[in-house]
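Working notes for the structure below.
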Amino acid sequence: MRVFFKVEGKSSAERFLRGFGVFFVIIGVIMLFSWNFNRKFNSIKEKLDIVDMDNVLTKDEHAILKEDAARFQSTYGITLKIKISKTALQVPRLDPKTLFIGINTSEDLAVVELPPLLTRALDKDFVLYLKKEHFTDYLKTSRYGVGIEVALQLLWEELNSGMNTQGSS
């Protein structure tokens with residue numbers, strides 16, 4: 001059997017060390033490639049999770065929404081998808097752990113789709129408020145980012161208050 005490469009060395013110990021050196025270089029390259037791939041993938045994923053087609057979000061609002069998305073993902077396993085657009089909203093196909101907030105800026109329309117488990121866990125009046133009433137004032141004043149931030153904050157507080165009351169009974 002022919003070896004792909006031959007390690008040169010004067011003694012068997014030197015060949016052994018050179019062989020391990022080549023092995024560690026290959027492992028290092030693979031690890032760096034994997035790290036870079038994951039970094040790029042997460043960057044692309046973040047861009048797809050918060051889509052602002054009209055550029056109405058400020059950099060600060062976008063950063064806060066990214067932090068909120070990470071907080072919901074790490075704490076509750078909920079993926080946050082936000083879409084702001086002038087065109088008609090199409091709710092994407094959502095998995096059972098995805099929270100979708102869509103805003104149509106031309107028609108002043110907001111769509112909130114909660115995961116089924118989250119809908120059952122929250123108070124029905126709160127869910128109705130979030131879906132029907134919450135965004136009304138924010139849409140009228142074109143403060144879309146603030147409306148989304150406040151909605152997520154209210155949702156966070158409602159989830160945490162539900163956890164506290166369940167834990168104390």
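This chain uses plain numbering: 1 for the first residue, then up along the sequence.
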_Count I, L, V, M, F, W, Y as connected when their side-chain heavy atoms are under 4.5 Å apart, and connections chain through other members. Are Leu154 and Ile82 then in the same cluster?_
yes

*Please name the pair of heavy atoms, one in Phe135 and one in Ala151, separated by the smallest distance, quoted to 0.1 Å.*
CZ-CB, 3.8 Å

*Hey, does the side chain of Ser34 reach the backbone of Ile30 with a donor-acceptor pair shorter than 3.5 angstrom?*
no

*Just checking, any donor-acceptor pair under 3.5 angstrom between side chains of Gln153 and Glu149?*
no

*asked:* Taking Ile148 as the starting point, is it possible to reach Val150 by hopping between hydrophobic residues whose side chains are less than 4.5 Å apart?
replied: yes

*For the residue pair Pro115 and Thr98, what are the closest heavy atoms and their distance?*
CG-O, 3.4 Å

*Intermediate values then yes/no, salt bridge (charged side-chain N to carboxylate O under 4.0 Å, His left out), Arg71 and Glu67*: CA-CA 6 Å; Arg71 184 172 53 160; Glu67 288 173 11; over 6 Å; no

_Worked verdict on Thr79 versus Gln73 for side chain to side chain contact (heavy atoms under 4.5 Å, CB included)_ = CA-CA 6 Å; Thr79 303; Gln73 181 67 45; 3.1 Å; yes

*State, with a plain yes or no, whether a side-chain heavy atom of Leu99 is found less than 4.5 Å away from one of Lys81.*
no

*What is the distance from atom CD1 of Ile50 to atom CG of Leu57, rounded to the nearest 0.5 Å?*
8.0 Å

*Taking only residues at least two apart or on different chains, which pairs with a member in residues 88-132 satisfy ring pair (Phe, Tyr, Trp, His ring centres under 6.0 Å)?*
Tyr129-His134

*Mind checking whether Val111 and Ile101 have side chains closer than 4.5 Å, heavy atoms only?*
no

_Distance in Å, Leu17 CG paired with Phe20 CZ, rounded so as to fall on 0.5 Å steps_ = 9.0 Å

*Rounded to the nearest 0.5 Å, how far does CG of Leu122 lie from CG of Leu118?*
4.5 Å

*Main-chain N/O of Thr58 paired to Glu61 side chain as donor or acceptor, under 3.5 Å*: yes

*Roughly how far, to the nearest 0.5 Å, is NZ of Lys132 from CG of Leu130?*
11.5 Å

*Output yes when a side-chain donor or acceptor of Asp52 lies under 3.5 Å from a complementary backbone atom of Val56, and no otherwise.*
yes

*Check the hydrophobic clustering (I, L, V, M, F, W, Y; side-chain heavy atoms under 4.5 Å; chains of links allowed) and say if Leu94 and Phe72 are grouped together.*
no

*Mind checking the OG1-CD spacing from Thr119 to Glu113? Nearest 0.5 Å is all I need.*
8.0 Å

*Path from Leu114 to Trp156 over hydrophobic side-chain contacts below 4.5 Å*: yes

*asked:* Taking Phe23 as the starting point, is it possible to reach Phe16 by hopping between hydrophobic residues whose side chains are less than 4.5 Å apart?
replied: yes

*asked:* Check this for me: Leu117, atom CG, are more than 12 non-hydrogen atoms of other residues, nucleotides or ligands nearer than 6.0 Å?
replied: no

_For a 4.5 angstrom cut-off between non-hydrogen side-chain atoms, does Leu80 reach Leu152?_
yes

Distance-only donor-acceptor pairs under 3.5 Å for side chains of residues 83-90, two or more places apart:
| residue | atom | partner | partner atom | Å |
| --- | --- | --- | --- | --- |
| Ser85 | OG | Thr87 | N | 3.0 |
| Ser85 | OG | Thr87 | OG1 | 2.8 |

_Run Ile103 and Asp108 through side chain to side chain contact (heavy atoms under 4.5 Å, CB included) and show every step you take._
CA-CA 7 Å; Ile103 295 181; Asp108 287 340; over 6 Å; no

*Compare all side-chain heavy atoms of Thr141 with those of Val146 and state whether any distance is below 4.5 angstrom.*
no

_Can you confirm whether more than 12 heavy atoms, excluding those of Lys97, are under 6.0 Å from its NZ atom?_
no

*Take Leu159 and Thr75 through the test side chain to side chain contact (heavy atoms under 4.5 Å, CB included) and record every step on the way to the result.*
CA-CA 11 Å; Leu159 284 169; Thr75 305; over 6 Å; no

_side chain to side chain contact (heavy atoms under 4.5 Å, CB included) for Asn160 and Tyr76? Distances and angles first, verdict last._
CA-CA 10 Å; Asn160 287 331; Tyr76 296 110; 2.5 Å; yes

